[in-house]
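To keep things clear, I will list the structure first and then write my remarks on it.
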Amino acid sequence: MNRHLITLLLIIAGIMGSKAQINTDQVMQIGRNALYFEDYVVSIQYFNQVISAKPYLAQPYFFRALAKFNLDDLRGADQDVTMAIERNPFITDAYELRGVIRQNLGQDSLAIADYAHALTLLPENKGILYNMALAQESSKDYDNAEKSFAQLLKAHPGFDGGYLGRAKMRLEKADTIGAIEDIEKALSINKNSVNGYLMRADIAIHRNEDYSQALADMNDAIRLQPRFAGYYINRAFIRYRLDDYIGAMSDYDYALQLEPTNFVAVYNRALLRMEVHDYNRAIDDLSQVLLLRPKEYRALFNRAMLYREIGDLKLALDDINRVIDEIPNFALAYFLRYDVKKSMGMKASQSDLDKSIALAKRQKAREGLQNLIDPSRILDRASSADDAFDPDSEDAVASQFSTLLTVSDNATVDREFNNKNIRGKVQDQSVTIELEPMFTITYYTSPTELKPTGDYLKEVDELNRTHALRYLLQVTNHEYSLTDPDEINRHFQSIEYYNSYLATHNPRAIDYFGRAMDQITVRNFQAAMTDLNRAIEAAPDFTAAYLMRANVRDRIAKSTSVPADNNRNMTPPSLRSEVQEILNDLDTVIRLSPNMAVAHFNKGVVLAETGDYASALDEFNKALKLKPDFGEAFYNRGYTYFQLGNRAAGSSDLSKAGELGIVPSYNLLKRMNRK
């Protein structure tokens, strides 16, 4: 650990730590510098300091909103920029920023009002005019959108984006000729205009069916922006129409490397695999589709057909029963169940055939029943069974989150809390999605610009003041990884010191606790448990010892078992009894120290890991009541809300957690709000 870095960070913390003493102008400028260099998370911490000292100022709210906007925290940004406007209604940039934010949130009428206000002061501003026209077009106000585009292009005739925006509007009005003229004009101004190639490809596909031209344009778009999954999905469709199945499959594969939970890519790849008779892998894809959207009954119907095709009749019957339960008038589903039951030798199959024929007659869709197992003949008909998908339903949100966790479990990303991974657009970093871990007492922490020192616990501070331990204690939930052989050896020597001391002196609880801390540091958890038990026997009100015993019990449990799906409630009863002992220790900590927010937080972590989300929420609520700026608790409560399918509450908590410096919040916030 770099002790010079620690000293510097402590000095910075001292400068920023006092509301009354900080130089707000200086801190504000440092925050703006960080914002300029795209250190968005760092800049928010500086703006927080200014807001805390002078909450009546508009600028820190405005710049914090700008930082949040760049981190894709749109609702948090909207709240901040509104507070900036309330404090100073004459900041033109604030109205423009809020307009952009609200436009991204789909609130076009509110965005238009903000743009109109900004244009009274800046009538020829290119960005405001452009966004105003787009918002008007989005709200179907084509006449005013046409006027805004005309005003924009008169003032800025070399702006290729203006022509493309108007081309999009003209396509909405079915003016293909006018749209193509605008697209060609935009590409003549800027040959690297990705949107120009995309729009021209779309026209070639849907209006002219010129797939060769569409492929050329998609190739240009991918050349300019090679890391966007949607482009590969579009090109896969074009390649499929050109009978290039290998190329299409390759594009779907790469799209899913870029975005593993992309529903369209997974579903389309499943259909393509069905068509080329790669049934087992098509089943895998359809299973993934159903994780993303549990009520996607087209996928369930298709998977039932595939199970029938490979001879797994029981699974086929399970799937088709679910389809019929949800869509009782779907004729083809009854025919498939008849076919499956007949193959299984079940006598009750005739009624399904009769039901299928009766429904088919009623729907005038009797033709094609005998071709049920041919995927290419059935997909369009199966689409009539589509269930309206609500991405904000509790089931959909919980399933989306569960899928992200599944993808995250396969990641090998280092989530160490350091200065490197708090820079720039942190929401785009690949991170493992997991709960913020329990807080522990330790001799080491990893300082960063966001958290230059460990957390404060009264009990730990009191222990340090006694000078009864060989090293100072610190509190963190991201322990420093001890790798230096000299540092490790120093703790083995400390253990030997305690061995000798305890053998020749009357044992004290603090001595057992000190040796336990050394044992924890060198990862000898069983020996640490023995010493913590002795410390508690000697001093039954030793709060820190109970806190650490709960922590050590948790480490032992995790090191001796691999719970399924990260949920301890899926584990054997023996492990559940260990979890109860952890909770008992934390309950004792809460009884001895009722105002310790960390104890409620740790208990919430354990409960969330067991799958008891309702009880976990209760503990995180208690932690936040005791410590309203507890960023880790906001993060874990948001995480838990997502597990329960509550997108709005989860997003709100993650926004607050990010504001308080919990960096992974922005990645999860972006991924859970991508629909």
Side-chain angles (χ1 to χ4, degrees), residues 5-73 75-77 79-81 83-84 415-429 431 436 445-456 475-478 624 627-635 638 652-670:
L5 174 62
I6 295 174
T7 302
L8 174 61
L9 292 174
L10 287 172
I11 292 171
I12 293 174
I15 293 172
M16 297 178 63
S18 170
K19 293 183 182 179
Q21 296 178 5
I22 69 168
N23 183 330
T24 52
D25 290 340
Q26 183 180 16
V27 174
M28 186 72 189
Q29 187 57 52
I30 295 171
R32 293 183 65 173
N33 291 343
L35 183 63
Y36 176 81
F37 287 106
E38 299 184 354
D39 291 337
Y40 303 119
V41 177
V42 175
S43 72
I44 287 172
Q45 307 314 304
Y46 287 106
F47 299 137
N48 288 346
Q49 292 293 324
V50 179
I51 289 168
S52 180
K54 296 183 178 180
Y56 51 84
L57 292 179
Q59 275 202 332
Y61 283 103
F62 171 77
F63 287 112
R64 192 171 74 176
L66 188 57
K68 289 180 178 180
F69 174 73
N70 279 284
L71 291 167
D72 292 323
D73 179 9
R75 297 195 182 279
Q79 291 170 2
D80 274 353
V81 74
M83 285 191 277
R415 194 187 171 190
E416 184 177 350
F417 198 58
N418 54 43
N419 287 321
K420 180 180 179 182
N421 62 11
I422 62 175
R423 304 292 185 186
K425 289 183 174 289
V426 297
Q427 74 273 27
D428 295 330
Q429 295 175 4
V431 300
E436 280 289 313
T445 60
S446 300
T448 72
E449 288 177 72
L450 301 184
K451 190 172 264 188
T453 63
D455 290 82
Y456 175 80
V475 181
T476 184
N477 74 327
H478 287 280
L624 286 164
K627 186 181 179 183
D629 62 346
F630 201 163
E632 291 85 355
F634 276 110
Y635 179 89
S652 176
D653 275 351
L654 287 179
S655 174
K656 186 64 178 177
E659 179 183 307
L660 292 168
I662 309 303
V663 178
S665 302
Y666 292 109
N667 179 271
L668 181 53
L669 188 65
K670 178 177 181 178

>> Quick check: do M28 and P60 have side-chain heavy atoms less than 4.5 Å from each other?
In response: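 Heavy-atom side-chain distance check passes, below 4.5 Å.
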>> A side-chain contact here means heavy atoms from C-beta on lying under 4.5 Å apart; do R75 and K68 qualify?
In response: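 A side-chain contact is absent here, since even the closest heavy-atom pair is not under 4.5 Å.
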Ignoring hydrogens, what is the shortest heavy-atom contact between [X] and [Y]? Give both atom names and the distance.
X    : Y    : value
Y666 : E659 : OH-N, 3.3 Å
S665 : A657 : OG-CB, 3.3 Å
L57  : V50  : CD1-CG1, 4.1 Å
F634 : D653 : O-CB, 3.3 Å
A65  : V81  : CB-N, 3.6 Å
Y635 : L668 : OH-CD2, 3.8 Å

>> Evaluate Q29 against D25 for side-chain hydrogen bond (donor to acceptor under 3.5 Å, both in side chains), listing each step before the verdict.
In response: CA-CA 6 Å; Q29 187 57 52; D25 290 340; over 6 Å; no
Quick check for you: to the nearest 0.5 Å, what is the distance between [X] atom [atom1] and [Y] atom [atom2]?
X    : Y    : atom1 : atom2 : answer
E632 : K627 : CD    : NZ    : 6.5 Å
Q45  : R64  : CD    : CZ    : 9.5 Å
Y46  : Q26  : OH    : CD    : 10.0 Å
N70  : D39  : CG    : CG    : 12.0 Å
F47  : L66  : CZ    : CG    : 8.0 Å
T24  : I51  : OG1   : CD1   : 12.0 Å

>> Between D629 and L660, does the side chain to side chain contact (heavy atoms under 4.5 Å, CB included) criterion hold? Intermediate values first, please.
In response: CA-CA 7 Å; D629 62 346; L660 292 168; 4.2 Å; yes
> Counting N and O atoms only, with roles assigned by atom type, does the side chain of S43 sit under 3.5 Å from a partner on the main chain of Y40, one being a donor and the other an acceptor?
Replying inline: yes
